[in-house]
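Report on the structure given below.
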Amino acid sequence: YDFSDKGGRHMALKPEGTAPGVRAAIEHSLLNTGGVTRLSYITPIFRYGRPQKGRLRESHQVGFELIGSASAHADAEVIEITARFYAKLGLDAVQVRLNSIGREPCRERYRAVVLDRFAAYLKDQDEEARAKALKNPLRLLDSKDAVAIEIVKSLPPILDYLEDDSKVRFQCLQELLSEAEVPFEVAPDIVRGLDYYTETVFEVQSAHLGAQSSLCGGGRYDNLVKELGGPPTPSVGVAMGIERALIVLEELGLTGEPPVLDAYIVAATPDANDAVRAIAREMRSNGVGATFDFEERKMAQQLKQADRASATVAVILGTDELEKGVATVRKLATGEQREVGRSVLAKVIKEWI
């Protein structure tokens, strides 16, 4: 997403998080030379294309990268963690779709096949589309154009062009995922649109997203660290779209109830204002959601505010409570109340809520 701003400055907004994350890791010496580094990030990303369901011009990405291992075990770990993440969210109808695009000799042979099949199609495209296709013909396999999709269906799978050791590696990865009981299917149409991928590529897709079904994508990028100025370093990672996961959660009714305010601290008399603030701090430090009235309104108005805030309990302090070292805790739904010693106030409120 590349443009000049109103001041004439050239701006570029990042389209994904892996390459910037790797660049930052190199620049700030975060890589464990000779060992494995596991990094994660959350970042906004930007796309110039027309917004679609789950594909916004600005969205947010969670990613993690396992840098420093060429083993199929590293690929399996990243894919397993990704699948477990979505299962933990409660998402059903998700599927890992897995492929291998081999190393450079494999992709070079397959690029020639793709360009040959797409030759007539590319003659009708504009100059920019042809340039992109010539730079990375595998991007054509990601096209959403109906004519291109039909051409893709006629292509032999890239798996037919894998080097022998890549075939062995891909089989090992499948065995590791089966051992971990991660459901997957081999999907030769998964190639990923970015240029830096090697060997393993995968997506996790949801039946609830329609045509834009991909929740996340990832794979191996053994050349990227070197291309960005670091030493040759095999790596694998995944990037997960937050908005896409939220769409599925909403459609399944799994977003949960909004958070409820636990306690509204009420000053029954002006001399209790200092204690109210102290109790609010104490509640928050003990994991109890608490707030109070900044305007020092009368008690009845504060209780109305507590009701409007849907607080579970009101904690009432006045002159009498201050003298006795207690607070009156009232359940707002039932009106039930009792006096509670200040020293055990947080504990009692936790039990009540």
Side chain of [X], backbone of [Y]: donor and acceptor closer than 3.5 Å?
X	Y	result
S154	V152	no
E243	H60	yes
N286	V288	no
K88	A83	no
S166	L162	no
R244	C216	no
E16	T18	yes
N99	I190	yes
Q61	G17	yes

With the side chain counted from C-beta on, respond yes when [X] and [Y] share a heavy-atom pair under 4.5 Å apart, and no when they do not.
X	Y	value
I265	T291	no
L173	H73	no
D145	I149	no
F184	Q174	yes
V225	P232	no
T328	E321	yes
I42	I242	yes
T82	M240	yes

[atom1] ([X]) with more than 12 external heavy atoms under 6.0 Å:
X	atom1	value
Y48	OH	no
E181	CD	no
E104	CD	yes

Could you go through the side-chain hydrogen bond (donor to acceptor under 3.5 Å, both in side chains) check for Y1 and E58 one step at a time? CA-CA 10 Å; Y1 203 151; E58 178 181 7; over 6 Å; no

Quick one about [Y] and [X] (side-chain donor to acceptor, distance below 3.5 Å, no hydrogens or angles considered), yes or no?
X	Y	value
K167	S100	no
H10	D5	no
S235	E65	no
D271	T319	yes

Between [X] and [Y], is there a side-chain N and carboxylate O pair less than 4.0 Å apart?
X	Y	answer
R103	E163	no
R330	E336	no
R38	E77	yes
R130	E127	no
D189	R97	yes
D75	R169	yes

Shortest non-hydrogen separation from [X] to [Y] and the atoms involved:
X	Y	value
R47	I45	NH2-CD1, 4.3 Å
M283	I349	SD-CD1, 3.6 Å
A268	G318	CB-CA, 3.9 Å
P188	L159	CG-CD1, 4.1 Å
V238	Y41	O-OH, 4.3 Å
L254	G90	CD1-O, 3.1 Å

Apply side-chain contact (heavy atoms from CB on, under 4.5 Å) to the pair N223 and Y196, showing each step before the final yes or no. CA-CA 7 Å; N223 302 320; Y196 51 64; over 6 Å; no

Indicate, with yes or no, if [Y] and [X] share a hydrophobic cluster defined by side-chain heavy-atom contacts under 4.5 Å among Ile, Leu, Val, Met, Phe, Trp and Tyr.
X	Y	result
M299	V315	no
L98	L176	no
V260	L332	no
V313	V276	yes
F202	L91	yes

At what distance, to the nearest 0.5 angstrom, does [atom1] of [X] lie from [atom2] of [Y]?
X	Y	atom1	atom2	result
Q302	E295	CD	CD	10.5 Å
R308	Y264	CZ	OH	10.0 Å
I79	T200	CD1	OG1	6.0 Å
T198	D222	OG1	CG	4.0 Å
K350	L345	NZ	CG	12.0 Å
R284	D262	CZ	CG	11.5 Å

Evaluation steps, side-chain contact (heavy atoms from CB on, under 4.5 Å), between I67 and Y221: CA-CA 9 Å; I67 301 173; Y221 49 92; 4.1 Å; yes

Using side-chain contact (heavy atoms from CB on, under 4.5 Å), reason through F170 and V186 one step at a time and then give a plain yes or no. CA-CA 10 Å; F170 190 50; V186 175; 4.1 Å; yes

Ring pair (Phe, Tyr, Trp, His ring centres under 6.0 Å) partners for Y161, two or more places apart: Y110

How far apart are the C-alpha atoms of V326 and D320, what are their side-chain angles, what is the distance that settles it, and do they pass the side-chain contact (heavy atoms from CB on, under 4.5 Å) test? CA-CA 9 Å; V326 300; D320 292 343; over 6 Å; no

